[in-house]
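Counting starts at 1 for both ligands and their atoms, in listed order.
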Amino acid sequence: MKSVLSVMVEGIRSGDRTTLSKAITLAESSLETDISFTWELLEELSKHPGHALRIAVTGPPGAGKSTLINSLGQKFIEQGSRVAVLTIDPSSQKTGGSILADKTRMHELSGMQKAFIRPSPSAGLFGGLSPGTRAATLLCEAAGFDIILIETVGVGQSEVAVRELVDCVILVLIPGSGDELQGLKKGIMENADLILVNKADGATQSLANKAVNVLNAVLRLSTPEEDQRLVSALPCSAENGLGIEEVMQEIRLFFKWLEETGFKQKKRSAQRDHFFEATFLNELQHRYLKSEKVKSLLISVRQRMKDGNLNEYEALKEALKD
Ligand SMILES: Nc1nc2c(ncn2[C@@H]2O[C@H](COP(=O)(O)OP(=O)(O)OP(=O)(O)O)[C@@H](O)[C@H]2O)c(=O)[nH]1
Ligand SMILES: [Mg+2]
């Protein structure tokens, strides 16, 4: 009889959506048995890695990220790709309402055979992205998707964290909201490979074009000469399709550059190492704190500190003496 693992491996490799969904659910679980199953599954699947391009779409709430994904996703599908979308909610408690909103924004895409859309909860580790997000990306890749679009709300940490997961970060801003300057302040732009000023239509079209000019001027001035590539800003309208062809072209050029310079492999290798280190440290902490001996040592040391018998440095020395 086949093991559960090999049934799952086969199911995912054959692109079966139910199996893929099940595997993502397991990957998002914090149960130890599920985590070790996921590691085994990914170990097996990684023997024949997929070839997907991983793209993050980040930006402030309401910037039009989902609408943009709906639009770009359809373009990729028109070109023959299969597209997986993972949406991550930083609050981790995605309400039924906002899942529905995402699905509505991605209405056309969600109805397409070659698309797979999956909302994913987030966790504290990796700044809003959960270890499950990385696993979900790899699972979609193993299931044969060519493009993986990950939507994260830009709340400071998450766009930094998402860089550790993708090849390309697209930052979506809204004209006239001051996000351009906010972005600069927070250094968010440093983490973007392409900046889009969305809603370049109707009443906000000229504002969007102005914002793009300001952004490009700032990017030119602030990019050190030794940098290999100048990040550019483009206007677009995710809703009516204006500028979307140009955005697709810019994405194509970016991936061409990434391949040609060898940066894609370098980036992925650094990401694997970063993941290894973060997970290793997390596991060490987890396993260490599970020990009954350590638990009772910590309780007693903290109590002695509370009673005024140890200062915090003495307490640390005591707690770490083994
Ligand atoms: N005028 C205009 N409105 C847009 C455009 N793109 C999105 N919108 C509108 O902006 C609102 C937010 O769009 P979403 O795509 O849900 O934005 P989001 O960034 O995914 O939002 P969150 O996931 O809630 O952070 C919706 O009412 C959209 O219809 C656009 O290109 N032009
Ligand atoms: Mg959204």
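Relative to atom 25 (O) of ligand 1, the option among Gln205, Glu239, Lys65 with the closest non-hydrogen atom is Lys65. Nearest residue to atom 24 (O) of ligand 1 from Ser66, Pro175, Gly62, Ala200 is Gly62 (criterion: closest heavy atom).
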Problem set entry | Check against salt bridge (charged side-chain N to carboxylate O under 4.0 Å, His left out), Glu10 and Arg13 | CA-CA 5 Å; Glu10 272 176 35; Arg13 287 229 175 98; over 6 Å; no
Exercise. Can you list the steps and then say if Glu314 with Arg304 is a salt bridge (charged side-chain N to carboxylate O under 4.0 Å, His left out)?
Worked result: CA-CA 10 Å; Glu314 289 166 329; Arg304 284 159 68 200; over 6 Å; no
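By the 3.5 Å distance cut-off applied to N or O atoms, Thr67 is counted among the residues near ligand 1. The N/O atoms of Cys236, backbone and side chain alike, include none that comes under 3.5 Å of an N/O atom in ligand 1. Residue-to-ligand polar distances place Ala238 within reach of ligand 1: an N/O pair is separated by less than 3.5 Å.
A donor-acceptor contact closer than 3.5 angstrom links the side chains of Arg118 and Thr25. Side chain to side chain, Ser3 and Ser6 meet the donor-acceptor criterion of an N or O pair below 3.5 Å. In this structure, a donor-acceptor pair under 3.5 Å is present between the side chains of Gln303 and Asp307. Side-chain N/O atoms of Gln249 and Arg252 include a donor and acceptor closer than 3.5 Å.
Short contacts between ligand 1 and Pro61, defined as distances under 4.0 Å to a heavy atom of the residue, involve ligand atoms 25 (O). Of all the atoms in ligand 1, the ones that sit under 4.0 Å from a non-hydrogen atom of Asp201 are 1 (N), 2 (C), 30 (C), 31 (O), 32 (N). Using a 4.0 Å cut-off to heavy atoms of Glu151, the atoms of ligand 1 that qualify are 20 (O), 23 (O).
For the pair Ile69 and Val85, the minimum side-chain heavy-atom distance is below 4.5 Å.
Distances from the Mg ion (ligand 2) show that Thr87 has no N/O/S atom below 2.8 Å.
Val7 pairs by the side-chain contact (heavy atoms from CB on, under 4.5 Å) definition with Lys2, not counting sequence neighbours.
Proximity of Ala63 to ligand 1 is established by a heavy-atom distance of less than 4.0 Å.
When you scan the N, O or S atoms of Glu151 for the one nearest the Mg ion (ligand 2), you land on OE2.
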